[in-house]
Amino acid sequence: MEFRRCGNSGIMLPEISLGLWHNFGDVDSFDEARSMILFAFDKGICHFDLANNYGPPAGSAEINFGKILKNDLSAHRDEMFIASKAGHQMWPGVYGDGSSRKNLIASCNASLQRTGLEYFDVFYSHRYDGVTPVEETMQALIDIVRSGKALYAGISKYPPEEQKKAYDILRAAKVPCLVSQYRASIFDTKSMNLNFGIADENGSGIVCFSPLAQGLLTDKYLDGIIPAGSRAARESGFLQMSQVSDERIDAARRLNEIAHRRGETLAGMAINWLLADRRVTSVIVGASSVGQLKANIESLNSTGFTPEEQDCIKRIASQPGVQF
């Protein structure tokens with residue numbers, strides 16, 4: 001596993017990080033979750049990405065990760081970089097959602113209790129909620145770091161203006177933003193155009209999530225059929241059947257042809273395409289099995305893309321109806 005420096009800091013992160021958004025909750029197999037986490041660590045993935053609401057049910061991914069850490073990896077805590085976040089709905093009532101100081105500090109405390117950790121390596125504001133002043137949210141992150149509950153502060157999914165303001169506040173407090181997390185893929189380039197440059201200029205590392213567009217940039221949907229058990233087949237979730245459109249399936253097929261000419265899978269090419277951006281520190285992958293995680297790790301390819309390949313990928317991804 002290759003490592004990259006995270007922004008203007010001494011932290012190094014693996015090119016692939018493991019996200020526990022899906023497949024690590026109580027509705028999933030604990031044994032499979034344990035196998036994936038141990039396999040990831042053995043292969044050099046030391047960065048594990050959590051949030052207070054990951055599951056389902058919310059909180060269960062942190063609890064399960066904490067059990068695995070205690071029983072199998074406790075001697076390796078200092079070799080691991082563990083992240084959590086707060087800002088999306090976690091518990092009922094007016095204080096269980098949003099970016100207020102009350103929510104962030106209560107959430108951090110609860111997440112530490114669920115995982116059994118003394119501190120997180122980085123704690124994120126999971127989103128800008130559109131209401132809470134950025135000053136209030138950033139002061140909460142500053143105080144979380146100064147209290148020793150996290151070593152670094154991070155932000156996730158902040159719009160450009162609020163992103164700039166967050167950096168300025170954190171830098172002035174001498175708690176600079178270590179890392180900024182954004183959704184990005186060949187099918188979703190908005191953050192690359194709007195946010196990556198701002199992060200880079202401010203010395204913040206960039207971690208990308210959903211690099212495979214919730215499975216659309218894999219071979220799962222190339223036949224135009226939605227497989228049973230896939231994310232799009234679920235009644236609720238972030239990939240709906242309507243999003244598995246003819247335009248995106250056609251684009252995925254054409255991208256798959258480029259990937260095969262490069263000797264890669266479509267998923268592998270999608271990951272490598274993000275890592276070809278020098279501003280990207282790490283790409284978070286989800287996995288439902290050790291085999292899937294192994295394939296993602298083995299897909300890493302440092303040969304880069306030719307200008308012709310980049311142009312072709314850009315043309316395909318910019319067709320109407322393809323971008324999210």
Query raised in the report: After noting the C-alpha distance and the side-chain angles of Tyr167 and Ile155, does the key distance pass the side chain to side chain contact (heavy atoms under 4.5 Å, CB included) rule?
Result: CA-CA 9 Å; Tyr167 293 152; Ile155 62 172; 3.8 Å; yes
Query raised in the report: Could you walk me through whether Asn202 and Ser204 pass the side chain to side chain donor-acceptor pair (under 3.5 Å) check?
Result: CA-CA 6 Å; Asn202 284 272; Ser204 177; over 6 Å; no
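A donor-acceptor pair under 3.5 Å is absent between the side-chain atoms of Ser107 and the main chain of Leu104, judged by distance alone. Distance alone, capped at 3.5 Å, is enough to place a donor-acceptor pair between the Asp28 side chain and the Phe24 backbone.
Remark: Glu161 engages Lys164 in a salt bridge, criterion side-chain N to carboxylate O under 4.0 Å. Salt bridge status for Lys157 with Asp129: absent, with no side-chain N to carboxylate O gap under 4.0 Å. Salt bridge status for Arg77 with Asp121: present, with a side-chain N to carboxylate O gap under 4.0 Å.
Applying the under-4.5 Å side-chain rule to Ile, Leu, Val, Met, Phe, Trp and Tyr, the cluster around Val27 consists of that residue alone. Hydrophobic cluster membership of Val122, counting Ile, Leu, Val, Met, Phe, Trp and Tyr whose side-chain heavy atoms lie under 4.5 Å apart directly or via other members: Ile11, Leu13, Phe81, Tyr119, Tyr124, Leu151, Tyr152, Leu178, Val179, Val207, Phe209, Ile284. When hydrophobic side chains of Ile, Leu, Val, Met, Phe, Trp and Tyr are connected at separations under 4.5 Å, Ile63 ends up as a singleton with no cluster partners.
Sorted by first and then second residue, the side-chain hydrogen bond (donor to acceptor under 3.5 Å, both in side chains) pairs involving residues 65-74 (not counting sequence neighbours) are Arg34-Asp72. Listed by first then second residue, pairs satisfying ring-ring contact (aromatic ring centres under 6.0 Å, His included) with a partner in residues 175-205 number zero, not counting sequence neighbours. Residue pairs meeting the side-chain hydrogen bond (donor to acceptor under 3.5 Å, both in side chains) criterion with at least one partner in residues 4-16, sequence neighbours excluded, are Arg4-Glu15. Screening residues 60-79 for ring-ring contact (aromatic ring centres under 6.0 Å, His included), with sequence neighbours left out, gives Phe41-His76, Phe48-Phe65. Annotation: side-chain hydrogen bond (donor to acceptor under 3.5 Å, both in side chains) contacts involving residues 276-286, sequence neighbours excluded, comprise Ser17-Ser282, Asp200-Arg278, Asp277-Arg279.
Leu300 pairs in a side-chain contact (heavy atoms from CB on, under 4.5 Å) with only one of the listed residues (Met1, Glu2, Glu264), which is Met1.
With sequence neighbours excluded, the residues satisfying salt bridge (Lys or Arg N to Asp or Glu O under 4.0 Å) with Glu298 are Lys294. With sequence neighbours excluded, no residue satisfies salt bridge (Lys or Arg N to Asp or Glu O under 4.0 Å) with Arg146. Ser35 is linked by a side chain to side chain donor-acceptor pair (under 3.5 Å) to nothing, counting only residues two or more places apart in sequence or in another chain. Contacts of Lys43 classified as side chain to side chain donor-acceptor pair (under 3.5 Å), with partners at least two apart in sequence or in another chain: none.
By the 6.0 Å contact criterion, CZ on Arg183 is open, its count of non-hydrogen atoms from other residues, nucleotides or ligands being 12 or less. Within a 6.0 Å radius of CZ in Phe30, more than 12 heavy atoms belonging to other residues, nucleotides or ligands are found.
Pairing each heavy atom of Leu293 with each of Ala287, the nearest pair is CB-CB, 4.0 Å.
Counted by atom type alone, Tyr158 and Ser125 present one or more donor-acceptor pairs between their side chains at under 3.5 Å.
Atom CD1 of Ile258 sits about 3.5 Å away from atom SG of Cys312, to the nearest 0.5 Å. The CG atom of Asp250 lies 9.5 Å from the CG atom of Leu255; values are rounded to the nearest 0.5 Å. Between atom CD of residue Glu62 and atom OG1 of residue Thr115 there is a gap of 6.0 Å, rounded to the nearest 0.5 Å.
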